[in-house]
2 protein chains.
Amino acid sequence: MTKDLDQVFAALADPTRRAILAMLLEDDMAVTDVAEPFEMSLVAISKHLGVLTAAGLISQEKRGRVKWCKLEPDALRDASIWMQGFGQFEPVNLEAFERFLESELPDVVEGAAPHAE
Amino acid sequence: MTKDLDQVFAALADPTRRAILAMLLEDDMAVTDVAEPFEMSLVAISKHLGVLTAAGLISQEKRGRVKWCKLEPDALRDASIWMQGFGQFEPVNLEAFERFLESELPDVVEGAAPHAE
DNA sequence: TCCTTATTTAACCTGCGGGTTAAGAGACCG
DNA sequence: CGGTCTCTTAACCCGCAGGTTAAATAAGGA
């Protein structure tokens, strides 16, 4: 649906939101913890998380008084497929990418450093 | 540069602009011809083309009084690569992922066969 | 129960994105 | 030159995106 693509791309157009996605790539996080490294109010981050949720890029589950944010990478697939319709710029060698993943998989558990973009 | 990603994703967030890109996928076009199928003014389309140009997604070359618009799919590459970091693959060591990308980047352009699915 | 932590809602400000119409600037053609 | 086609600039409108502070809601913990 074209509306979905609108939302996904619009969500990705903000550097704060991309940074949030990168953080969630490492682990699920509570709203407060997501907000911590940013120099804006918690309310603003909460709104960003709302945008990401509306776009389907993350999901939020409330446990107790804490709301956990989880990456939903499937939502990127449609956008990715749309872009690949342009063919010529095929992003990465997929075979090499898979080999890379296999070699990296054992390390998955320990968290990577914060992603300064 | 994160600014570039901002512009690229923001440009892609508009359905009119995506439609324009799809049209240009088939052939280079003059501004007037790009505008023809849309139900908005030529000025509006001209602005959209300006946004796409600023994002590097297209280039415009003036020949005579006609300005030709050409798709520049390379600009999509960075965005596509960024998205590829998420995909269906769960937590990955980001540092290693970036190292991987750097090693792969030089090869990206050549040999990029269309991704038939 | 009272206090604190976690998060959202409400109300608001400001700037920019996307559209309009009208006018201007260039390039071709008779 | 005069007219016409192509495209941009200028001025404007409107709504929404992204931020703020202050207050409300919800869930633990002492």
Side-chain angles (χ1 to χ4, degrees), chain A residues 2-24 27-71 79 117, chain B residues 2-24 27-71 75 79:
Chain A
T2 171
K3 183 78 172 301
D4 296 343
L5 277 183
D6 286 15
Q7 289 190 92
V8 168
F9 281 129
L12 296 179
D14 187 286
T16 301
R17 287 193 288 263
R18 289 199 306 277
I20 291 174
L21 290 179
M23 290 166 61
L24 292 178
D27 211 347
D28 298 0
M29 295 179 80
V31 174
T32 303
D33 295 330
V34 170
E36 195 273 335
F38 297 97
E39 289 193 347
M40 67 182 70
S41 72
L42 181 68
V43 181
I45 297 296
S46 181
K47 284 189 185 178
H48 280 304
L49 292 171
V51 172
L52 290 170
T53 303
L57 289 165
I58 68 171
S59 60
Q60 295 182 285
E61 182 203 355
K62 195 169 178 181
R63 269 202 308 269
R65 57 180 167 182
V66 173
K67 205 164 188 177
W68 293 92
C69 305
K70 181 174 190 283
L71 192 66
E117 203 177 350
Chain B
T2 170
K3 182 82 173 299
D4 297 344
L5 278 183
D6 285 16
Q7 287 184 263
V8 169
F9 283 129
L12 296 179
D14 187 286
T16 301
R17 287 195 288 263
R18 289 200 306 275
I20 291 174
L21 291 178
M23 290 166 63
L24 292 178
D27 212 347
D28 298 359
M29 296 179 80
V31 173
T32 303
D33 295 329
V34 170
E36 197 273 333
F38 296 96
E39 288 191 345
M40 66 183 72
S41 72
L42 181 66
V43 182
I45 297 296
S46 180
K47 283 188 184 179
H48 280 304
L49 292 170
V51 172
L52 290 170
T53 303
L57 289 165
I58 68 171
S59 60
Q60 294 181 287
E61 183 201 356
K62 195 170 180 181
R63 268 199 312 266
R65 57 179 166 182
V66 174
K67 205 165 189 178
W68 292 92
C69 304
K70 181 176 190 280
L71 192 66

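Keep in mind the model is a prediction, meaning the values are calculated, not measured.
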Stepwise side-chain contact (heavy atoms from CB on, under 4.5 Å) check, A:Thr16 with A:Ile45: CA-CA 9 Å; A:Thr16 301; A:Ile45 297 296; 4.2 Å; yes

Sugar-phosphate only, base, or nothing, as touched by A:Ala30 at under 4.0 Å among non-hydrogen atoms: sugar-phosphate

Considering all heavy atoms, the nearest B:Asp33-B:Met23 contact: O-CE, 4.2 Å

Contact summary for B:Leu24 and B:Cys69, nearest pair of heavy atoms: CD2-O, 3.5 Å

Side-chain N,O (B:Ser41) to OP1/OP2 (C:dT20) below 4.0 Å: yes

Closest non-hydrogen atom pair, B:Leu42 against B:Thr32: CD1-CA, 4.1 Å

Nearest heavy-atom neighbours spanning B:Val8 and B:Ala75: CG2-O, 4.0 Å

Length of the CD-P vector between B:Glu39 and C:dG19, whole Å: 12 Å

Euclidean distance, atom CD of residue A:Glu36 to atom P of C:dA6 [Å, nearest integer]: 12 Å

Sub-4.5 Å side-chain heavy-atom contact between B:His48 and B:Met40: yes

Interatomic distance where CG belongs to A:Asp6 and P belongs to C:dG18 [whole Å]: 10 Å

Between P of C:dC16 and CD of B:Gln7, the distance in whole Å: 14 Å

Stretch residues 49-70 of chain B: residues that reach within less than 4.0 Å of DNA chain D through a heavy atom: B:Arg65, B:Val66, B:Lys67

Within-4.5 Å side-chain heavy-atom neighbours: A:Lys67 and A:Leu49: no

Interface limits on DNA chain D, where chain A has a heavy atom under 4.0 Å of a nucleotide atom: D:dG18 to D:dG28

Beyond-backbone contact of B:Gln60 with B:Ile58, side-chain heavy atoms, under 4.5 angstrom: yes

Atom-to-atom span, CD1 of A:Ile45 to P of C:dT9 - whole angstrom: 16 Å

d(CG, B:Asp14; P, C:dC16) in whole Å: 18 Å

Below 4.0 Å: OP1/OP2 of C:dG19 and any side-chain N or O of B:His48: yes

Taking every non-hydrogen atom, the tightest pair across A:Phe9 and B:Leu12: CD1-O, 3.4 Å

